[in-house]
Protein chains: 2
Amino acid sequence: MINFAAVMTEEKQDKKDHIIEVAEKLFSEMGFDGASTRHIAQDANVNMAMLNYYFGGKEGLYLAVFEKRFSASKLQLQSLNNENISSFEKINKCIESYADKMMANSCFQKIIYREMSLSQRSSVTDKIIQMLSENTSEIKKILLDGIANGSFENVDVEMLIATMFGTKSYLINSSQMASFLIGKDTTDPKILNEEVKPRLKDHMKKMFKAYLTKHNEEN
Amino acid sequence: MINFAAVMTEEKQDKKDHIIEVAEKLFSEMGFDGASTRHIAQDANVNMAMLNYYFGGKEGLYLAVFEKRFSASKLQLQSLNNENISSFEKINKCIESYADKMMANSCFQKIIYREMSLSQRSSVTDKIIQMLSENTSEIKKILLDGIANGSFENVDVEMLIATMFGTKSYLINSSQMASFLIGKDTTDPKILNEEVKPRLKDHMKKMFKAYLTKHNEEN
DNA sequence: AATGATTAATCAATCGTTTGATTAATTTTG
DNA sequence: CAAAATTAATCAAACGATTGATTAATCATT
């Protein structure tokens, strides 16, 4: 009976988390405006007023979705720049970890990239940019270092980063087009993880290697 | 006075086109749900009822945006497969034309990729997939032909296509992130056309060449 | 005068949010 | 420990605002 309060808190947290999970799914599927609070409350099996009670409103719930993902993201943030491995190995690790990360929460990725495509700046937008810019800066440094130490060909770093994130976000965000391209339902987590992800990783590694490797051509 | 009716029709058409242009811009900036009919009407300097008078409703206006772009797209549709040029030249032409096409109507591209990311299938979705699948099939054929005739390395064709469209859509759709990456406002058409586009083209051509060229490595 | 174009006013529906009341849980008090 | 007091959680109902859509009246053109 000692931990009764703790148990209750945990249950409450579970309930809040459940609402957040349902909201994330619906936001990703229908967009912020498209997902009504009634719909979210219904899918989460809670009274509509609970959304405002817990999160202060729709926008607060939206922010809670981000808060949860951001805090979870920071835990596994680890710089590759200090490790004593080759530039190629760093890039490969980057490709691996970002692919894992994005495929693991594809719903959230959809929300992020949809938010980025909207021209309306909000409190969310800045947070997103801040988070993504960390990732961007990390890979940018790896690429620039690799070029500087002679491991990599002198390529357009920014465009290559666009390729890295663009390829991944295309497979996740343009899911309906990706499904047509692959010939299978890429919204199915099983297919996404067992087929798309390994193919994506393999493709990216090979392409980056081919593109970044110096060929000593004199034309 | 003979062509007066025609002139009127033309003026009306101009008005309709103007509404469509304004709608396209707002839809791309705020999404379908985010852009209200009142806002569109106000920006287009027309009475709100005119939207329903001309297009039958908001959805009809949305469809009109697609109709206009689709019809314009079909005019410049030309297969590269019949031309008697090398596979590398075909790919390069593909890269060029798609970059030109996407950068020319970046607003529409935003709408398309946002629509693709939503899980709700609609009458629009099928049209989009149909249009994009034509492009996809075209480049797929070029790649497969190139591999078959020995010009290209045997790569993962579907993933490479994801890279091609993903890189471009990243620069256009994730405009806020792209702006951070490039260090300039990529929503500015001038920067988009004079800086981003040539860099994108150059990058894609070089990377595709490096990746697709056979290196005869025996490891 | 008649047809089509345009407007202001209005419609029902839905939105996110708030309310007041009720129940459940926790703390305080005697 | 038990009763009272307080806090937290939950609910149905309703709120005002906004949505897309429609109406009926007015204007313009032939």
Side-chain angles (χ1 to χ4, degrees), chain A residues 1-20 22-27 29-66 111 115 118 120 122-124, chain B residues 1-20 22-24 26-27 29-66 111 118 120 122-124:
Chain A
M1 198 64 78
I2 303 172
N3 296 4
F4 197 71
V7 171
M8 287 311 298
T9 317
E10 190 180 316
E11 280 180 3
K12 268 189 288 181
Q13 213 60 30
D14 280 357
K15 196 162 198 169
K16 283 186 71 171
D17 271 8
H18 178 239
I19 295 176
I20 292 177
V22 170
E24 182 183 59
K25 180 168 176 288
L26 286 181
F27 282 142
E29 287 176 353
M30 337 183 60
F32 179 80
D33 295 308
S36 72
T37 54
R38 283 171 176 80
H39 193 166
I40 295 172
Q42 188 176 342
D43 276 26
N45 275 316
V46 295
N47 189 279
M48 210 172 37
M50 296 307 293
L51 304 188
N52 299 286
Y53 181 72
Y54 279 136
F55 308 101
K58 189 182 187 181
E59 180 126 346
L61 174 55
Y62 197 56
L63 285 168
V65 172
F66 282 90
I111 296 177
E115 195 71 28
L118 296 174
Q120 334 164 15
S122 66
S123 60
V124 174
Chain B
M1 196 62 80
I2 303 174
N3 297 4
F4 199 69
V7 171
M8 288 308 298
T9 317
E10 189 179 319
E11 281 180 4
K12 270 189 286 180
Q13 212 63 29
D14 280 358
K15 197 163 197 171
K16 284 186 71 173
D17 271 8
H18 178 240
I19 295 176
I20 291 178
V22 171
E24 182 182 61
L26 286 180
F27 281 142
E29 287 176 354
M30 338 183 61
F32 180 80
D33 294 309
S36 72
T37 53
R38 281 172 176 79
H39 193 168
I40 296 172
Q42 187 175 341
D43 276 26
N45 276 315
V46 296
N47 190 279
M48 208 179 47
M50 296 306 291
L51 304 187
N52 300 285
Y53 181 73
Y54 279 137
F55 308 101
K58 188 182 186 180
E59 179 126 347
L61 174 56
Y62 197 55
L63 285 169
V65 172
F66 283 90
I111 296 177
L118 297 174
Q120 333 162 17
S122 65
S123 60
V124 173

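Proteins come first, then strands; the chains are lettered A, B, ... in the order of their sequence lines, and each starts at number 1. Nothing here was measured: the structure is a model prediction, and the numbers come from that model.
Here Ala44(A) pairs with His18(A), Ile19(A), Val22(A), Val46(A) under the side-chain contact (heavy atoms from CB on, under 4.5 Å) rule; sequence neighbours left out. Residues meeting the ring-ring contact (aromatic ring centres under 6.0 Å, His included) test with Phe32(B), sequence neighbours left out: Phe27(B), Tyr62(B). In this structure Ala64(B) satisfies the side-chain contact (heavy atoms from CB on, under 4.5 Å) test together with Ile20(B), Phe55(B), sequence neighbours excluded. In this view, Lys25(A) and Glu29(A) satisfy the side chain to side chain donor-acceptor pair (under 3.5 Å) rule, not counting sequence neighbours.
Here dT10(D) presents its C1' atom at 6 Å from CE of Met50(A), a figure rounded to the nearest Å. In this structure, the CG atom of Leu51(A) is 13 Å from the C1' atom of dC11(D), given to the nearest Å. Straight-line distance from the NE2 atom of His39(A) to the P atom of dT17(C): 17 Å, rounded to whole Å. Between the CG atom of Asp14(B) and the P atom of dA5(C) there is a distance of 14 Å, given to the nearest Å. What separates OH of Tyr54(B) from P of dG4(C) is a distance of 13 Å, to the nearest Å.
Here the CD-CD1 distance, from Glu24(A) to Ile40(A), works out to 11.5 Å after rounding to the nearest 0.5 Å.
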Each nucleotide in nucleotides 18-28 of chain D should get exactly one letter: B, S or -. Can you fill that in based on protein heavy atoms under 4.0 Å? -BBBBB-----
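Each end of the helix from dA1(C)-dT30(D) to dG30(C)-dC1(D) gets its own rotation axis from five pairs of C1' atoms, and the angle between them is 20° to the nearest 10 degrees.
When all heavy atoms of Leu118(B) and Gly31(A) are compared, the pair lying nearest together is CD2-N, 3.9 Å. Taking both residues in full, the closest heavy atoms of Ala41(B) and Met48(B) are given as CB-CA, 3.7 Å, listed atom of the first, atom of the second, then distance.
The stretch residues 32-51 of chain B participates, sequence neighbours left out, in no side chain to side chain donor-acceptor pair (under 3.5 Å) pair at all.
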